[in-house]
Structure formats: C-alpha cells, structure tokens
Amino acid sequence: MSIKVTIGNKEYFPGINQIKYEGLDSKNPLAFKYYDENKIVAGKPMKDHFRFAIAYWHTFCNEGDDPFGPGPQNLPWLKSSDDMQKAKDKLDAAFEFISKLGAPFYCFHDVDMAPDGDTVKETADNLKKLVELAAKKQEESGVKLLWGTANVFSNGRYTNGASTNPDFHVLTCAAHQVKGAIEATVALGGENYVFWGGREGYYTLLNTQMKREQEHLAMFLKQARDYGRKIGFKGTYLIEPKPMEPTKHQYDFDSATVIGFLNKYGLADDFKINIENNHATLAGHTFAHEVQVAADAGMLGSLDINQGDPYNGWDTDEFLYNLYDAVHLMLVLLQEGGLNKGGMNFDAKVRRSSLDLEDIFIAHISSMDTLARGLIIADNILKNSDYLKMKKERYASYDSGDGKKFEEGKLKLDELAALAEKLGEPARRSGKQELYESIINQYIK
Ligand code: XLS
Ligand code: NI
Ligand code: NI
C-alpha cells in the first residue's frame with residue numbers, strides 16, 4: 001500500500017486495520033473481493049483507473065439527518081463543544097478512515113473542514129488554520145487532494161443564488177469564500193477545483209432576469225479562474241451539472257448544457273465537467289451518456305460516484321452497487337482513455353439507519369469492488385466479445401467510398417441526392433439492440 005495508516009490523538013475506528021484485498025473467496029466484510037489496487041487491467045494498475053476519493057461532507061460531517069429529524073448516527077468525532085476542536089477531531093477521523101481504506105484522494109468544501117466565524121474574514125482564517133493541519137496529515141499518510149470547492153449554497157445568505165444572486169452584496173460574499181477555497185486547494189496541492197452551482201438557478205421567471213444571471217455566473221467563473229491561475233493553480237476547473245435541485249431550473253442542467261455555456265463564454269480551455277451518476281439520472285440520462293457527452297467534447301474531467309433511487313425524483317446519493325451502471329461506465333471510460341487527472345469521488349452517504357461505524361467502511365468497499373468488477377467485465381467485453389466489431393461495422397458505409405467522401409466534406413447536397421437516385425431504396429438494417437444487451441449480460445460473471 002502506498003498509503004500509510006495515520007491515527008490522530010484518538011483512534012476512531014479501533015479494531016479496523018488497513019483494508020486488504022482478499023479475493024472472491026473471502027467472507028470478510030472488511031476486505032476487497034475485486035479491488036486489487038496494483039493488479040494490471042487494460043494496461044495499468046486498477047488504482048490508476050479509479051483514483052478513488054472520499055467526500056468529506058457525507059462521510060465525516062453528516063449524521064444521517066433528514067427533513068423528519070436530526071441524524072441518529074452519533075459520530076464520535078463531532079462531540080466537542082468547541083468548534084475548532086471539533087474540526088480538528090474530524091480531520092483526525094477523516095485521515096484515519098481514508099488511510100485505513102487505502103483511498104489515494106479526498107475532496108472537501110471549505111465549510112466541511114472549518115467552522116464558520118462571526119465574519120467572512122474570521123471564517124476564512126479558520127479555514128487557513130485547518131488547511132495547515134490537513135497539509136501535515138496529507139504528508140504523513142500520502143493521501144492527496146483530488147479537488148477542493150466552496151459551499152456557497154448552505155448559508156441562508158445564498159437563498160437566491162451565489163454568483164447569480166440579484167443582490168451584488170451576496171455575490172461578494174461568494175467571491176470571498178471561493179477565493180479562500182481556491183487558496184486552500186492550491187496550498188494542499190489539489191489537482192482540480194470544483195464549482196457545483198448549488199443555488200445557481202431560479203424558481204420563477206416572474207422575478208428573474210435569466211440572461212443577466214447567467215452572464216454574472218460566467219463573469220464570476222472567469223474572475224475565479226484568473227485568480228487561481230495568478231496564485232499558481234495549474235489544475236483543472238470543473239463544473240458539476242445537476243438539474244432541478246435545489247432550484248426548479250438549475251443553470252448547469254446536464255453535460256450538454258454546461259458544454260454550451262463554457263463554449264459560449266470562452267471558458268472551454270480551463271474548465272471541464274465533473275459528472276455525478278445521481279445527477280445524470282435526475283436529468284433523465286444514464287451516467288454513461290453524460291460521460292460520453294463530456295468525453296466527445298474533450299471535457300471529461302472527473303466523476304462523483306453514487307446512484308439514485310430509480311423510483312423517486314431527488315438526489316438520494318446512495319453508494320453505487322449497481323453493477324450494470326458500473327459496466328456501462330467502464331465501457332465508456334476504457335474506450336475514451338480514462339480519467340487522467342480526474343478521479344472517482346464517493347459523493348454518497350450511508351442510509352440513515354446504517355448506525356455502525358463499520359458501515360461507512362463497508363459502503364466504500366462495496367462500491368470500490370463494484371467498480372473494480374465493472375472494470376474487469378468491461379475490459380473482457382472489449383477484448384473478447386464481438387461488441388466493438390459490431391459497433392464498427394454498423395458505421396462501415398462511412399469508412400470508404402462515397403460515405404468517406406461525405407465525411408470529408410467532398411459531397412454536396414445535390415450530389416448526395418443524385419446518389420439516392422442511383423442507389424435506389426436502401427436495405428433495412430437491424431440495430432441489434434437485444435444482441436448488444438445479451439452480450440453485455442453474457443460477460444457479467
Ligand atoms: C450536490 C453536489 C455536491 C457537489 C459538491 O448535489 O453533488 O455535493 O459534489 O459541491
Ligand atoms: Ni457531487
Ligand atoms: Ni448529489
């Protein structure tokens with residue numbers, strides 16, 4: 001393991017040591033059955049396909065609260081009545097968990113790591129203190145920062161948006177937070193910086209100048225980009241699309257919408273997309289679709305790994321255990337050359353009734369195994385089945401002759417029309433969807 005177990009003043013997960021790969025015959029819930037980090041699959045170690053990251057907010061800040069009551073999970077690192085001490089205990093617990101799991105990365109919002117002060121300045125100073133401590137933890141454990149971000153959606157001041165707020169004063173507060181979070185990301189060597197437009201959208205057009213709000217969003221992103229570059233941030237900026245939650249009309253609806261926005265406002269060189277499975281399904285898309293759209297635009301940045309509940313319409317952020325989703329995702333990733341500097345961040349929470357501390361380990365292990373299994377299956381499909389050949393042959397009429405000329409722009413519309421007369425009625429060709437589906441199932445074993 002390249003990650004070293006790091007325990008703070010108190011051990012929060014006693015009895016759990018570093019999680020090991022034990023293979024398929026193991027019945028140990030605290031062991032990997034498929035994720036064997038150094039095993040070479042499709043030309044590189046498994047861990048490099050995934051670059052797994054732990055989400056600070058769900059795993060260390062959230063005790064399972066829902067609209068009907070406070071969280072019952074009783075996390076032992078959230079006990080201190082002193083906010084700064086609580087943040088330090090949380091940091092200890094976070095690095096103990098991440099290093100015992102052997103995950104190479106983590107992700108955080110400013111407010112996950114440090115408590116609010118009485119003023120924006122005090123809040124920023126709190127974050128600076130915690131970032132110094134986090135830097136030491138990173139060094140001790142070898143765990144790195146996949147991305148940092150600012151939470152400019154929870155505080156009540158952002159009710160009508162952050163950078164799209166109709167009140168300029170609110171926008172300046174968002175700027176203060178984003179500046180601090182970019183500085184923190186740079187100080188911690190973060191490889192990416194994320195913008196999820198939590199409340200960037202609107203509820204009713206009756207009170208909204210939509211064009212103006214979107215121009216403000218673009219201008220804000222430009223200023224954030226330039227500030228980051230000025231202070232030495234060399235990584236990728238990521239926009240995370242999500243439709244219809246929390247606002248009725250979210251501006252960053254899905255990958256295609258974000259790509260259009262980035263191109264329109266000249267941000268395409270610095271920004272890519274962070275795609276989350278549950279956000280894709282809320283937008284009426286599959287995860288694989290969203291990833292393919294981003295990859296086709298050269299804007300595949302990173303992934304938030306989770307899954308939704310197929311029977312309701314909000315963001316349940318469950319741990320991904322759906323093997324189909326994993327296989328379909330890995331098929332796209334393998335064909336598109338992988339995630340590069342992105343990774344797979346577990347933006348997921350255990351269910352409210354999962355009350356044992358070991359459940360957090362089990363949840364992550366289960367998802368890591370699901371994805372590892374998806375990788376092995378997808379690699380097998382691509383190497384050994386007729387899948388790729390079938391897909392290629394479907395488009396073979398464009399590989400040579402007039403089809404190729406068309407692709408090269410060498411046939412005008414009237415020339416194409418003349419060909420129709422010459423060639424006559426085309427033969428009907430089956431899309432073979434059921435055959436494709438049965439091949440995928442045949443290899444899921
Ligand atoms: C919420 C988002 C959020 C982002 C980071 O739905 O997924 O957690 O990933 O702000
Ligand atoms: Ni997310
Ligand atoms: Ni989500």
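Just follow the structure's listing: the first ligand is 1, and inside any ligand the first atom is 1.
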Self-check item: Test item: side-chain donor near acceptor, Gln85 and Asp89, under 3.5 Å
Solution: yes
Quiz item: With a 4.0 Å cut-off on heavy atoms, does Val194 reach ligand 1?
Solution: no
Quiz item: Just which atoms of ligand 1 are under 4.0 Å from any heavy atom in Asp315?
Solution: 6 (O)
Quiz item: Do Tyr203 and Thr208 have side-chain heavy atoms sitting under 4.5 Å apart?
Solution: no
Quiz item: Heavy atoms only: which of Lys242, Glu245, Glu276 is nearest to atom 6 (O) of ligand 1?
Solution: Lys242
Quiz item: Backbone or side chain, does any N or O of Trp147 fall under 3.5 Å from an N or O of ligand 1?
Solution: no
Exercise. Could you check whether the rings of Tyr237 and Tyr193 sit parallel, tilted or perpendicular, using 30° and 60° as the cut-offs?
Key: perpendicular
Practice problem: Please work out which of the three classes, parallel, tilted or perpendicular, describes the rings of Phe153 and His109, given edges at 30° and 60°. | Solution: perpendicular
Exercise. Scan side-chain atoms only and decide if Asn306 and Asp317 contain a donor-acceptor pair under the 3.5 Å cut-off.
Key: yes
Quiz item: Between Tyr35 and Phe52, is the ring centre distance below 6.0 Å?
Solution: yes
Quiz prompt | NZ or CZ of Lys100 within 45° of Phe97 ring axis and under 6.0 Å | solution = no
Practice problem: Report yes or no: do Gln138 and Tyr106 form a side-chain donor-acceptor pair below 3.5 Å? | Solution: yes
Quiz item: Between His109, His58, His279, which one has a non-hydrogen atom sitting closest to atom 10 (O) of ligand 1?
Solution: His109
Quiz item: What are the protein N, O or S atoms, given as residue plus atom name, that sit under 2.8 Å from the Ni ion (ligand 3)?
Solution: Glu276 OE2, His279 NE2, Asp315 OD2, Asp317 OD1
Practice problem: Could you pull out the atom name of the N/O/S atom in Glu240 that is nearest the Ni ion (ligand 2)? | Solution: OE2
Quiz item: Roughly how far, to the nearest 0.5 Å, is the CG atom of Asn277 from the CG atom of Leu282?
Solution: 10.0 Å
Quiz item: Where is the nearest protein heavy atom to atom 9 (O) of ligand 1: which residue, which atom, and how far?
Solution: Glu240 OE1, 2.7 Å
Quiz item: Between Phe13 and Phe361, what is the ring plane arrangement, given parallel below 30°, perpendicular above 60°, and tilted in between?
Solution: perpendicular
Quiz prompt | Identity and distance of the protein heavy atom lying nearest atom 8 (O) of ligand 1 | solution = Asp347 OD2, 3.0 Å
Quiz prompt | Element-labelled atoms of ligand 1 that are located less than 4.0 Å from some non-hydrogen atom of Asp304 | solution = 9 (O)
